[in-house]
Amino acid sequence: MLQVSYIRDNREQVLERLAVKNFKQPELVNEVIELDRNVRSTKIYLEKIQMQMNATSKLIGELMRSGKIEEAEAIKTGVTELPGITSLKKLKDISKDESEKLAAIEEELYQKLVLMPNLPHSSVPKGLTPEENEVVLENGDKPNLPENALPHWELATKYNLIDFELGVKITGAGFPVYKNKGAKLQRALINYFIDEAEKAGYSEVSVPLMVNEASGFGTGQLPDKEGQMYFVGEDKLFLIPTAEVPVTNIYRDVILKGEDLPVKNCGHTPCFRREAGSYGAHVRGLNRLHQFDKVEIVQIAHPDKSYETLELMSLHVQGLLQNLGLPYRVLRLCGGDMGFASALTYDMETWSAAQQRWLEVSSVSNFETFQSNRLKLRFRNAEGKTQLPHTLNGSALALPRIVATLLENNQTEKGIKIPEVLVPYTKFEWID
RNA sequence: GGUGAGGUGCCUGAGAGGCCGAAAGGAUCAGUUUGCUAAACUGACGUACGGGAAACUGUACCGAGGGUUCGAAUCCCUCCCUCACCGCCA
C-alpha cells in the first residue's frame, strides 16, 4: 500500500509512475489527495471537540469531589454555560457526528488506496505484455539435442520419475506424484538450494503452510488475489501461494533495530496455487502446477541499500543456475507484466531445450515500502525515528521447472546426467 | 471435542470508574563512580496521527467492536485469540 503522505507530496510523479504500470484509474490519485485533505481537516476539528470534552469532564470531576454537585449537574445538562465551556451534551453530539463522518471518509480513502499498485522503479520499461519485458542478459549455451529428444513429461514416464496420472487419482490435475529418483532429485535440489542460501548468509526458517487473513493482507495477496489461493473455509485459513507470505509476515508489527538490517531469511515450502483458468498444452507436465516446492529468499533492507540488495539476490539466483549448468536469461519486467506490489522485478528463465521455450524459474522483486507499510514493519533509523524498510524476495529456486529443464537438457543416449554440484545430494550420477 | 484461566508497554507484572499513557522490577541507551570485568548511583526510555522553527503540545490507543457514564484499562454485551488440564492423536 502506498503512503498517503507520499502521494500528497509527489502527485505528479505518482501519476507518471502509475502510467508506466498502465494503471487504469489515475483519477484515484486526485481522489485520494482530496479525501486525505478531508480526513485531516475533520480530524483537526474532532480533536478540538474532544479536547473540550476532556477538559469539561475533568472540571466536573473536580467540582463533584469538592462537593459542588449542583454546579457540576448544570454543566452536565447544559443548563448553565460557564465562560468558554460549551455544554457537554452539545459537544457529545458533535463528536459523535464527526467521528462517524471521519470513519466514513477514512474507509473511502482506504478503499481507494488498496486499489493502487506499487510505483515502478525508474528503470522499469514501459510496456503491456511479456513480449515487452527487457532482456537484461542471457547466459549459458543452449544444448543441441538430437531429433528424437523427449519433453520432460515423457522422460518422467520413461524413467519412472513422476506419475501425473496417479496425482490425478489422488487429488486432481496439477498434483504430480514424484517417485524413485524423481523424488530424490527433488529433495536433493531443495537441500542444495537451502545450503547455498545459508552460505550466502540467509538463515533458514520453517514456517506454517497455512496463513490467516492478516498475513495474506500483509504481503498483498489479499484482497486483490483472493481467487489464486486455496481457502480452508472451516478455519478461515489460506494455503500459502509462496513462502514469501509466512516468512515476511514473521516481521508484521515489528520494529527492528537499525543494526538488525539487513534481515535475511530463506525457507523451503510447498506452494499452492489455484491457477484458475489455466489449461492447455503450455501447462503440460511440470510447466504449471497447483502444488509445487520452492526455496524462497527474503530480505528486509535499509531503503538506501535495497536496490543493491536486489542485484545481489539476482546474482545469487543466477549463480545457482550457472552451477546447475542451465542456460538462462534475466528479464526486467515491463510495467504491464509486473506484480501489483512490486517496484522492480527480475524474472529468471531457463531454456527448456526439448520444448524450445523459456521457462520462468525465479522472480526476484523489490517491494520497497509497499509491503512494510501494510505489515506495519518498521526499523529505527539513525535519528531514532521509526521508518519503513524495504522488503525483497525471490525464488531460489522454484523446483518443477528446474527439474523439467534438467531432465530435458541433460538427456543422453545412456540416460539423464545429474549436474556435478548435485551428486553429493542425490548420491547418484545418472538417471537411467 | 470438554472444562477452566487469561489477553496491559521490549519482557515480567500491578492497577478494579476521574489524580492512569499507565506503579514496580528486569532489559536497553546515556552519564557518574571504580585500575579492568562486574557492581552501584543518576537520568532517558511506547505507537500513530496532527499543530509548532523549536522547546513543547493536542488527540487516539491497555486483544477487536459496541454499550453504560459528565468521565472507562477498570462496569456490561458480542466477537477474536492465547494458555492450562482432560479426551483423541503424528
Side-chain angles (χ1 to χ4, degrees), chain A residues 1-9 32-33 35-82 84-110 113 206 208-218 222 232-238 249-261 263 369 372-389:
Chain A
M1 193 156 58
L2 296 174
Q3 293 166 88
V4 185
S5 56
Y6 184 85
I7 299 174
R8 186 201 304 155
D9 298 339
V32 161
I33 291 173
L35 284 166
D36 172 57
R37 207 196 314 272
N38 215 334
V39 163
R40 284 187 300 152
S41 62
T42 306
K43 228 179 208 170
I44 288 169
Y45 181 53
L46 175 62
E47 284 182 4
K48 261 186 205 153
I49 298 294
Q50 287 171 328
M51 191 166 112
Q52 283 190 60
M53 285 169 69
N54 288 342
T56 311
S57 291
K58 208 167 183 177
L59 179 64
I60 290 174
E62 279 161 19
L63 289 171
M64 301 272 251
R65 242 171 296 127
S66 57
K68 297 173 185 165
I69 311 287
E70 276 175 31
E71 225 172 293
E73 286 298 326
I75 296 173
K76 262 199 235 178
T77 52
V79 173
T80 3
E81 293 197 6
L82 268 67
I85 297 176
T86 318
S87 86
L88 259 183
K89 192 175 172 320
K90 202 164 146 194
L91 288 173
K92 258 181 116 171
D93 289 344
I94 299 172
S95 162
K96 201 181 172 199
D97 287 351
E98 291 298 311
S99 299
E100 280 166 11
K101 186 175 151 198
L102 178 64
I105 305 168
E106 278 181 328
E107 175 62 19
E108 199 185 342
L109 173 61
Y110 172 79
L113 214 48
S206 184
L209 306 182
M210 290 194 247
V211 293
N212 57 29
E213 196 185 342
S215 294
F217 175 82
L222 295 176
V232 184
E234 185 93 350
D235 296 292
K236 291 187 194 151
L237 296 172
F238 296 87
N249 270 282
I250 290 172
Y251 304 96
R252 172 153 49 87
D253 289 319
V254 166
I255 300 176
L256 295 164
K257 291 181 196 144
E259 64 262 30
D260 290 340
L261 300 178
V263 171
T369 59
S372 55
N373 190 28
R374 292 183 160 219
L375 290 159
K376 295 198 173 65
L377 161 60
R378 289 151 291 172
F379 74 101
R380 218 167 277 287
N381 64 22
E383 289 84 54
K385 296 211 170 124
T386 58
Q387 189 182 342
L388 298 174

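Below, read A as the first sequence line, B as the second, and so on, with proteins coming before strands; counting in each chain starts at 1.
OP1 or OP2 of B:U47 lies within a sub-4.0 Å distance of a side-chain N or O belonging to A:R380. A sub-4.0 Å separation between OP1 or OP2 of B:A48 and a side-chain N or O of A:R378 is present. For the OP1/OP2 pair of B:G18 and a distance below 4.0 Å, the side-chain nitrogens and oxygens of A:S57 include no atom meeting the criterion. Contact check, A:N54 against B:A60: a side-chain N or O comes under 4.0 Å of OP1 or OP2.
Figure legend. B:C70 is base-paired to B:G18; pairs are counted as Watson-Crick or G-U wobble with both atom distances under 3.5 Å. Nucleotide B:C83: paired with B:G4 (Watson-Crick or G-U wobble, both distances less than 3.5 Å). Of all nucleotides present, only B:G43 satisfies the Watson-Crick or G-U wobble test against B:C29, with each distance under 3.5 Å. Remark: B:A54 base-pairs with no nucleotide in the shown strands. Criterion, Watson-Crick or G-U wobble with two distances under 3.5 Å.
Scanning all heavy atoms of the two residues, the minimum distance from A:L109 to A:V39 falls at CD2-CG2, 4.1 Å.
Rounded to a whole Å, the CG atom of A:D36 is 12 Å from the C1' atom of B:G50.
No hydrogens or angles considered: nothing links the side chains of A:N54 and A:S57 as a donor-acceptor pair under 3.5 Å.
At a threshold of 4.0 angstrom between heavy atoms, the contacts of A:R8 are confined to the sugar-phosphate backbone, with no base atom among them. When heavy atoms are screened at a 4.0 angstrom cut-off, A:M64 is found touching base atoms of the nucleic acid.
Across residues 42-51 of chain A, A:K43, A:I44, A:E47, A:Q50, A:M51 each have a non-hydrogen atom less than 4.0 Å from an atom of RNA chain B (numbered order).
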